[in-house]
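Computed over heavy atoms, backbone and side chain alike; hydrogens, waters and symmetry mates excluded. Whatever order the structure lists ligands and atoms in, that order sets their numbers, starting from 1.
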Amino acid sequence: MKRILVTGGAGFIGSHICEKLLDEGNEVICLDNFFTGSKRNIIHLMDNPYFELVRHDIIVPYFAEVDEIYNFACPASPIHYQFNPIKTLKTSLMGSINMLGLAKRVKAKIMQASTSEVYGNPIIHPQTEDYWGNVNPIGPRSCYDEGKRAAETVFFDYHRQNGVKIKVIRIFNTYGPRMNANDGRVVSNFIVQALQNQPITIYGDGSQTRSFQYIDDLLNGVFSMMKTPNDFTGPVNIGNPYEFSIKQLAEKIIDMTNSKSKITYLDLPQDDPLQRKPNISLAKEKLNWTPKIHLEEGLKITIEYFDKLLKNNKL
Ligand code: NAD
Ligand code: UDP
């Protein structure tokens with residue numbers, strides 16, 4: 001049995017990681033400051049004696065004897081990470097330094113949840129891991145993008161300087177049950193709007209593209225990466241290369257929910273990337289991983305999840 005620390009464990013992705021690790025017979029410490037996460041995401045784990053919930057902010061050091069660390073704490077949606085940009089940057093950078101310091105002391109293997117946002121508004125398409133990105137260092141998204149880039153830097157410096165065993169994954173847009181309905185991300189926004197027959201809010205003309213992966217595919221990538229030999233550090237892209245425009249997504253969700261919603265067009269936020277699609281050759285080669293869940297299949301489960309929350313007044 002391993003003792004595993006999951007930072008951001010009460011969030012969307014972190015809660016799924018905690019659940020799977022417990023299912024596999026590990027002991028899990030879930031660390032969260034509940035900025036965007038919620039106890040509802042992990043309430044079903046609370047009576048498991050091998051699950052420990054700690055309210056803690058990772059910008060403050062934390063000490064525990066652990067074998068592995070999944071560093072997933074960080075607000076991930078533009079409205080949340082822009083709410084307190086200085087805190088976002090501190091979470092990515094100081095939080096990573098604290099977790100790397102812990103990993104160094106206890107010789108734990110540590111994974112960083114990096115992001116496709118390190119590529120910024122990419123000029124290379126699809127994005128490969130050797131692309132250095134096109135990021136505005138002083139814009140409204142910089143606290144997140146540059147914070148995650150700086151986090152990658154300290155991960156690699158701790159690896160080179162102190163021999164810390166690191167695993168860096170660059171996660172592309174992910175969706176599924178337990179997404180936060182209030183964080184303004186496109187899949188949850190469109191589904192909740194469509195289920196309530198409210199206007200679907202497309203920012204810009206909807207021609208910008210994204211490639212969304214379903215949570216289960218991401219989880220398979222995460223755990224495959226953690227099991228790779230120590231000499232494979234990443235960074236490795238984990239995402240679904242199936243690319244579509246935001247307008248196509250709106251139309252699909254309206255169709256799948258039989259909604260009466262009409263599309264309304266609002267301003268495109270500053271620095272909103274125009275296109276995004278992962279090249280996943282490295283993940284295929286090193287992790288033997290490819291995403292398996294088609295968009296419609298994943299959307300169906302996610303629509304059911306939000307429909308249930310709405311019907312129970314739990315949104
Ligand atoms: P989320 O907001 O649901 O989860 C983040 C969790 O971190 C929350 O529970 C929050 O309360 C916690 N947290 C934030 N700041 C903290 C701090 N200072 N100390 C302790 N806990 C803190 O977001 P998510 O979608 O689950 O994202 C999880 C991770 O994956 C993030 O690091 C994010 O950057 C990364 N990621 C997510 C996506 C995506 O599409 N969801 C894409 C790329 C990368
Ligand atoms: N978006 C949109 N309407 C919404 C929410 C988002 O058109 O109600 C757009 C947003 O401008 C972006 C894309 O959808 O182009 C994905 O946004 P999200 O915040 O989900 O992810 P990110 O921009 O971080 O990739």
| Shortest protein heavy-atom distance from atom 3 (N) of ligand 2, along with the residue and atom involved | Thr201 O, 2.6 Å
| request: Would you please say whether a donor-acceptor pair under 3.5 Å links the side chains of Thr7 and Asn71? | output: yes
| request: Check the angle between the aromatic planes of Phe212 and Tyr175 and answer parallel, tilted or perpendicular using the 30° and 60° thresholds. | output: perpendicular
| request: Looking only at distances, please establish whether an N/O atom of ligand 2 is found under 3.5 Å from an N/O atom of Val186. | output: yes
| Within the distance-only criterion (no hydrogens, no angle test), does the side chain of Glu285 pair as donor or acceptor with the backbone N or O of Leu282 below 3.5 angstrom? | no
| Will you find, in the side chains of Thr290 and Lys292, an N or O donor that is under 3.5 Å from an N or O acceptor? | yes
| query | What protein heavy atom is closest to atom 7 (O) of ligand 2, reported as residue, atom name and distance in Å? | reply | Tyr203 N, 2.8 Å
| request: Start with the C-alpha distance between Asp145 and Tyr81, add both sets of side-chain angles, then the distance that settles side-chain hydrogen bond (donor to acceptor under 3.5 Å, both in side chains), and finish with yes or no. | output: CA-CA 10 Å; Asp145 301 6; Tyr81 67 65; 4.5 Å; no
| task | Report the relative orientation of the aromatic rings in Phe223 and Tyr70; use parallel for angles under 30°, tilted for 30 to 60°, perpendicular for over 60°. | result | perpendicular
| field | Contact check: Arg185 vs ligand 2, nitrogen or oxygen atoms, below 3.5 angstrom | value | no
| Heavy atoms, side chains only, cut-off 4.5 Å: are Ile42 and Leu45 in contact? | yes
| task | Sort out for me which residue in Val106, Ile4, Leu102 forms a side-chain contact (heavy atoms from CB on, under 4.5 Å) with Ile69. | result | Leu102
| task | Find out whether Gln198 and Val192 are in side-chain contact, i.e. whether some heavy atom of one side chain is under 4.5 Å from a heavy atom of the other. | result | no
| field | Ion pair check, Arg3 and Glu65, cut-off under 4.0 Å | value | no
| said: Is the contact between Arg141 and ligand 2 made by the side chain, the backbone, both, or neither, using heavy atoms and a 4.0 Å cut-off? | reply: side chain
| task | Measure the distance from atom 13 (C) of ligand 2 to every protein heavy atom, then report the residue, atom name and distance (to 0.1 Å) of the closest one. | result | Ile246 CD1, 3.7 Å
| request: Establish, from distance only, whether the side-chain atoms of Asn136 and Asp271 form a donor-acceptor pair under 3.5 Å. | output: yes
| field | For the student: nearest non-hydrogen atoms of Phe190 and Thr201, plus distance | value | CE1-O, 3.1 Å
| remark: ligand 2 atoms nearer than 4.0 angstrom to some heavy atom of Asn189 are 4 (C), 5 (C), 8 (O)
| note | of all protein heavy atoms, closest to atom 9 (C) of ligand 2 is Gln208 NE2, 3.9 Å
| task | Taking only heavy atoms of Ile202 into account, list the atoms of ligand 2 that are under 4.0 Å away from them. | result | 7 (O)
| request: Answer with yes or no whether Gly184 contacts ligand 2, where contact means a heavy atom under 4.0 Å from a ligand atom. | output: yes
| When you measure from atom 19 (O) of ligand 2 to every protein heavy atom, which one gives the shortest distance, and what is it? | Pro78 CD, 3.6 Å
Can you give me a line-by-line list of nitrogen or oxygen pairs between ligand 1 and the protein shorter than 3.5 Å?
| unit_1 | atom_1 | unit_2 | atom_2 | d |
| --- | --- | --- | --- | --- |
| ligand 1 | 2 (O) | Thr36 | OG1 | 2.6 |
| ligand 1 | 3 (O) | Phe12 | N | 2.9 |
| ligand 1 | 7 (O) | Cys74 | N | 3.4 |
| ligand 1 | 9 (O) | Gly11 | N | 3.0 |
| ligand 1 | 9 (O) | Asp32 | OD1 | 3.2 |
| ligand 1 | 9 (O) | Asp32 | OD2 | 2.5 |
| ligand 1 | 9 (O) | Gly37 | N | 3.2 |
| ligand 1 | 11 (O) | Asp32 | OD1 | 2.6 |
| ligand 1 | 11 (O) | Asn33 | OD1 | 3.4 |
| ligand 1 | 11 (O) | Phe35 | N | 3.0 |
| ligand 1 | 11 (O) | Thr36 | N | 3.1 |
| ligand 1 | 11 (O) | Gly37 | N | 2.9 |
| ligand 1 | 13 (N) | Asn33 | OD1 | 3.3 |
| ligand 1 | 18 (N) | Asp57 | OD1 | 3.0 |
| ligand 1 | 18 (N) | Thr91 | OG1 | 3.1 |
| ligand 1 | 19 (N) | Ile58 | N | 3.0 |
| ligand 1 | 21 (N) | Asn33 | N | 3.2 |
| ligand 1 | 21 (N) | Asn33 | OD1 | 3.3 |
| ligand 1 | 25 (O) | Arg185 | NH1 | 3.2 |
| ligand 1 | 25 (O) | Arg185 | NH2 | 3.1 |
| ligand 1 | 26 (O) | Phe12 | N | 3.3 |
| ligand 1 | 26 (O) | Ile13 | N | 2.8 |
| ligand 1 | 32 (O) | Phe72 | O | 3.1 |
| ligand 1 | 32 (O) | Lys148 | NZ | 2.8 |
| ligand 1 | 34 (O) | Tyr144 | OH | 2.5 |
| ligand 1 | 34 (O) | Lys148 | NZ | 2.9 |
| ligand 1 | 40 (O) | Thr174 | N | 2.9 |
| ligand 1 | 41 (N) | Arg185 | NH1 | 2.7 |

| query | Do any N/O atoms on Asn173 end up under 3.5 angstrom from N/O atoms on ligand 2? | reply | yes
| task | Answer yes or no for Arg276: is there a heavy-atom contact with ligand 2 below 4.0 Å? | result | yes
| task | Could you tell me the residue and atom name of the protein heavy atom closest to atom 11 (O) of ligand 2, and the distance to it rounded to 0.1 Å? | result | Asp272 OD2, 2.7 Å
| request: Please find out if less than 6.0 Å separates the ring center of Tyr158 from that of Phe156. | output: no
| message | Using a 4.0 Å heavy-atom cut-off, which part of Pro273 comes near ligand 2: side chain, backbone, both, or neither? | response | neither
